[in-house]
Amino acid sequence: MSIPQHRAELVRQAVERFAEFERALDALGGVALPARDAPMTVAAAPEPRDRDAVDVVNHLHAWHVLLLGWITADAAGEVPAYPADGYTWRDLDRLNRDLRDRYRDDGDPAAARERLRASHGSTLARLDAMTDAEIFIDGRAWLHGATLAEPAHECLGGHYAWALGALADPTAPSPA
């Protein structure tokens, strides 16, 4: 899936992919999601990152939180911690496991899904309030010259596409 070139397309892709993801979750077990004892991954996998659908939901939410932080810092003229404070892109596996563990212990699958819906909505609202120029301007040093559209797409529409695949094939590798 290519990175959209306009805000409206970025938001449209995110909305459509999120709706697909919601339907896939509904097919698994509705609002509550599958029980924790319904693993997504094969038992032979060495400490799989996403052990069930709740981990996938929490993973998406955690990356929304990161994206919102990047947007907020950038709008304030600050350089955001990218990808996160104390991590580099070489630490992505550790970051993803730490993000998983941060949300894993609340034990409420329905709350995880509501948290995801809320962060999805907040992220879309932030992007929808921005202009194309703000999202697609080149040269942000913290993005190494990329536009904000790239991480926005990867944390929204692109990530939902991955999540759909993760639900369909739990042994598939994950991007972010």
Once you round to the nearest 0.5 Å, how far does [atom1] of [X] lie from [atom2] of [Y]?
| X | Y | atom1 | atom2 | result |
| --- | --- | --- | --- | --- |
| Asp91 | Arg97 | CG | CZ | 13.0 Å |
| Asn96 | Tyr87 | CG | OH | 9.5 Å |
| Cys155 | His61 | SG | NE2 | 12.5 Å |

Note: [X]-[Y] ion pair, threshold 4.0 Å (strictly below):
| X | Y | result |
| --- | --- | --- |
| Asp50 | Arg100 | no |
| Asp26 | Arg113 | yes |
| Arg23 | Glu20 | no |

Does the side chain of [X] reach to within under 4.5 Å of the side chain of [Y], using non-hydrogen atoms?
| X | Y | result |
| --- | --- | --- |
| Arg117 | Glu22 | yes |
| Gln13 | Leu156 | no |
| Leu124 | Phe18 | no |
| Leu66 | Tyr82 | no |
| Trp70 | Asp74 | no |
| Tyr103 | Asp55 | no |
| Trp63 | Glu154 | no |
| Thr72 | Arg126 | yes |

TODO: May I have the step-by-step check of side-chain hydrogen bond (donor to acceptor under 3.5 Å, both in side chains) for His120 and Tyr160, ending in yes or no?
DONE: CA-CA 11 Å; His120 168 77; Tyr160 301 149; 2.6 Å; yes
Open item on the list: Does atom CG (Asp138) have a neighbourhood of more than 12 heavy atoms from anything else shown, all under 6.0 Å?
Closed with: yes
What are the two closest non-hydrogen atoms of [X] and [Y], and how far apart are they?
| X | Y | value |
| --- | --- | --- |
| Pro80 | Ala73 | CB-CB, 3.8 Å |
| Val57 | Ala112 | CG1-O, 3.3 Å |
| Phe136 | Thr147 | O-CG2, 3.2 Å |
| Leu67 | Ala152 | CD2-CA, 3.8 Å |
| Ala53 | Leu25 | CB-CD2, 4.3 Å |
| Pro4 | Glu9 | CB-CG, 3.5 Å |

- [ ] Could you give me the CA-CA distance, side-chain angles and deciding distance for Asp101 and Arg104, then say whether salt bridge (Lys or Arg N to Asp or Glu O under 4.0 Å) is met?
- [x] CA-CA 5 Å; Asp101 294 345; Arg104 180 87 181 154; over 6 Å; no
- [ ] Could you tell me whether Trp89 and His144 have their ring centroids closer than 6.0 angstrom?
- [x] no
- [ ] Answer yes or no: is there a donor N or O on one side and an acceptor on the other, between the side chain of Glu16 and the main chain of Ala14, under 3.5 Å?
- [x] no
- [ ] I would like to know whether His153 and His159 meet side-chain hydrogen bond (donor to acceptor under 3.5 Å, both in side chains); could you show each step before the answer?
- [x] CA-CA 8 Å; His153 169 71; His159 230 157; over 6 Å; no
Going hydrophobic residue to hydrophobic residue with side-chain gaps under 4.5 angstrom, can you get from [X] over to [Y]?
| X | Y | answer |
| --- | --- | --- |
| Val56 | Leu92 | yes |
| Trp162 | Leu28 | yes |
| Leu143 | Ile137 | no |

For residues 128-135, which side-chain donor-acceptor pairs fall under 3.5 Å, sequence neighbours excluded?
unit_1: Asp128; atom_1: OD1; unit_2: Arg7; atom_2: NH1; d: 2.7
unit_1: Thr131; atom_1: OG1; unit_2: Ala133; atom_2: N; d: 3.4
unit_1: Thr131; atom_1: OG1; unit_2: Glu134; atom_2: N; d: 3.1
unit_1: Thr131; atom_1: OG1; unit_2: Glu134; atom_2: OE1; d: 3.4
unit_1: Asp132; atom_1: OD1; unit_2: Arg7; atom_2: N; d: 2.7
unit_1: Asp132; atom_1: OD2; unit_2: His6; atom_2: ND1; d: 3.3
unit_1: Glu134; atom_1: OE1; unit_2: Thr131; atom_2: N; d: 2.7

Open item on the list: Can you see whether Asn58 engages Arg102 through a side-chain donor-acceptor pair at a distance of less than 3.5 angstrom?
Closed with: no
TODO: Pick out which of Leu148, Leu127, Val15 makes a side chain to side chain contact (heavy atoms under 4.5 Å, CB included) with Leu10.
DONE: Leu127
